[in-house]
A.B. asks: 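There's a structure below that I have some questions on.
Each ligand, and each atom within it, is numbered from 1 in the order the structure gives. Predicted model only: the values in this text are computed from it and were never measured.
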Amino acid sequence: MTLWSGRFTGKLDAVAWLLNTSLPFDQRLAAQDVRGSIAWAGAIHKAGVLSQTEHAAIVGGLNQIAEEFAQNTFAFQESDEDIHTAVERRLGEIIGAAAGKLHTGRSRNDQVATDFRLWMLDSLPLLVQSVTGLQATLVAVAERNQTALMPGYTHLQRAQPVTLAHWLMSHFWSLERDKDRLADLRDRVAILPLGCGALAGTAFDVDRKLLADTLGFIEPSQNSLDSVSDRDFAAEFLFCATMIGVHLSKLSEQMVLFTTAEFGFFELSDAYSTGSSLMPQKKNPDLFELSRGKAGTLIGLLTGMLATLKGLPSTYDKDLQEDKVPVFQAFDTLTMILPVLAGALETMTVKPEKMLAAIDSAMLATDLADYLVRKGIPFREAHAAAGKSVRVAAEKGISLDKLSMDEWKSIGAFESDLSRDALWRDVYQVFDPMESVKRRNATGGTSPDSVKKQINLAKETLTPPSPTGRGGNPKEKKS
Ligand code: ARG
């Protein structure tokens with residue numbers, strides 16, 4: 001028997017029941033449902049709906065149910081339509097008729113929205129923790145590789161040398177933005193729908209501000225019609241999750257590339273690579289490929305959620321039951337991928353000699369132009385001369401740093417106070433990639449000094465704020 005069977009004489013078709021029930025997935029909200037109900041019992045007790053004894057019985061019963069969920073002894077029944085009805089049914093078994101008073105002035109519409117928000121408030125810190133775990137790994141590996149040089153790429157073409165630490169830290173900052181977004185989202189999740197009833201508000205004298213405080217929300221929502229239909233937080237969460245997924249995909253794509261024989265910059269440990277059923281020599285970066293692939297799935301979850309919301313009128317519609325699965329799936333996906341990627345990065349072997357060998361002197365053509373600029377040549381002319389030298393070297397089939405002094409002197413017709421000798425005298429010094437990297441010393445650049453500063457700032461960001469309020473992330477949001 002369902003909780004709403006009073007109006008009905010017939011029974012719901014068996015397959016229709018399967019379509020309608022949300023218990024298979026919303027039982028994940030069990031702890032939050034009980035917590036919300038305990039708070040609600042307090043609110044309607046204060047409003048004079050429950051006597052002292054009834055309130056005590058309901059709270060006692062709900063605490064027992066919470067314990068049953070915690071111990072995994074709660075027995076669901078076939079007639080339980082969703083987590084809310086399952087809890088109420090069980091409460092009746094434990095305390096009898098008084099259980100029937102709990103749902104006074106409440107609807108599953110404000111209840112489910114409250115449970116889901118509570119779940120998200122509980123879960124956001126766990127996701128943030130997983131992101132922080134990967135960030136900590138990026139910082140640790142960066143710290144070990146501050147002078148290892150590798151090619152930096154644009155358009156996936158070799159561009160300029162960078163340090164491995166700089167590349168690793170580039171992924172730290174994108175994840176930091178993701179955490180900012182999650183912190184920002186939290187304040188919008190923490191708006192309480194409970195007390196909005198089915199759609200029009202509750203008819204009992206419920207102190208919703210107190211209810212919000214009790215449940216750890218910032219404040220109660222201001223419009224019941226909006227409140228029971230508002231799933232912005234679910235869509236926003238999915239966007240935040242998807243953005244993390246896209247960032248992990250970017251990292252993963254490069255990991256796939258850099259672990260190929262052609263690049264050979266890193267070798268994955270056995271714990272984080274897989275073999276081929278046919279080709280005995282293969283060591284595959286499956287986990288990075290899955291991380292890249294799951295970004296596609298996450299994008300689908302986000303667009304699916306938005307498509308569900310589009311076209312809904314205000315207040316509750318059963319379409320909204322479709323909100324939980326994608327959010328849970330996105331959460332589970334990320335909390336699984338993040339520690340795996342962290343482990344894979346932590347245990348990979350870096351091949352500094354392979355990375356260095358991939359840097360050719362043409363990648364220092366910008367430095368060559370800068371060299372001429374420092375000798376007083378306007379950048380445009382310097383750029384043209386450096387370009388020409390690359391062409392000359394390519395035509396001769398030699399690398400740029402192997403051009404002879406005579407060849408250098410024949411490049412470019414500059415109006416310069418300096419003699420050709422003086423202009424080109426120090427040119428060979430340009431082709432030390434470490435010197436190139438060191439010159440990029442402004443904030444955000446790849447010089448080891450600058451990257452060291454990044455690393456230090458990142459470490460400060462990762463340190464939780466002390467109880468004195470000093471240290472930690474200056475951007476830390478109010479909680
Ligand atoms: N299982 C429902 C959901 O997840 C709970 C709310 C049901 N409300 C209703 N009016 N049928 O959205």
A.B. asks: With a cut-off of 3.5 Å and sequence neighbours excluded, list every side-chain donor-acceptor pair involving residues 218-229.
C.D. replies:
unit_1	atom_1	unit_2	atom_2	d
Ser221	OG	Leu192	O	3.1
Ser221	OG	Arg208	NH2	3.1
Ser221	OG	Ser227	OG	2.7
Gln222	NE2	Pro220	O	3.4
Asn223	OD1	Leu225	N	2.9
Asn223	OD1	Asp226	N	3.1
Ser224	OG	Leu199	O	2.6
Ser229	OG	Leu225	O	3.4
Ser229	OG	Asp226	O	3.2
Ser229	OG	Thr315	N	3.4

A.B. asks: Please report the interatomic distance CG(Leu127) to OG1(Thr132), rounded to the nearest 0.5 Å.
C.D. replies: 9.0 Å
A.B. asks: What heavy-atom pair brings Arg188 and Asp184 nearest, and what distance separates the two atoms?
C.D. replies: NH2-OD2, 2.9 Å
A.B. asks: Show which atoms of ligand 1 fall inside a sub-4.0 Å distance from at least one heavy-atom site of Ser22.
C.D. replies: 1 (N)
A.B. asks: Only heavy atoms of Asn109, strictly under 4.0 Å: list the atoms of ligand 1 that pass.
C.D. replies: 8 (N), 9 (C), 10 (N)
A.B. asks: At what distance is the nearest protein heavy atom to atom 11 (N) of ligand 1, and which residue and atom is it?
C.D. replies: Arg108 NH2, 3.8 Å
A.B. asks: Over 60° means perpendicular and under 30° means parallel, so tell me whether Phe258 and Phe263 are parallel, tilted or perpendicular.
C.D. replies: tilted
A.B. asks: Any idea which protein heavy atom is nearest atom 1 (N) of ligand 1, and the distance to it?
C.D. replies: Gln321 OE1, 2.7 Å
A.B. asks: In terms of the angle between their ring planes, are Phe116 and Phe328 parallel, tilted or perpendicular, with boundaries placed at 30° and 60°?
C.D. replies: perpendicular
A.B. asks: Out of all atoms in ligand 1, which are within 4.0 Å of some heavy atom of Lys324? Include the element for each.
C.D. replies: 3 (C), 4 (O), 12 (O)
A.B. asks: How far is atom 6 (C) of ligand 1 from its nearest protein heavy atom, and which residue and atom is that?
C.D. replies: Tyr316 OH, 3.5 Å
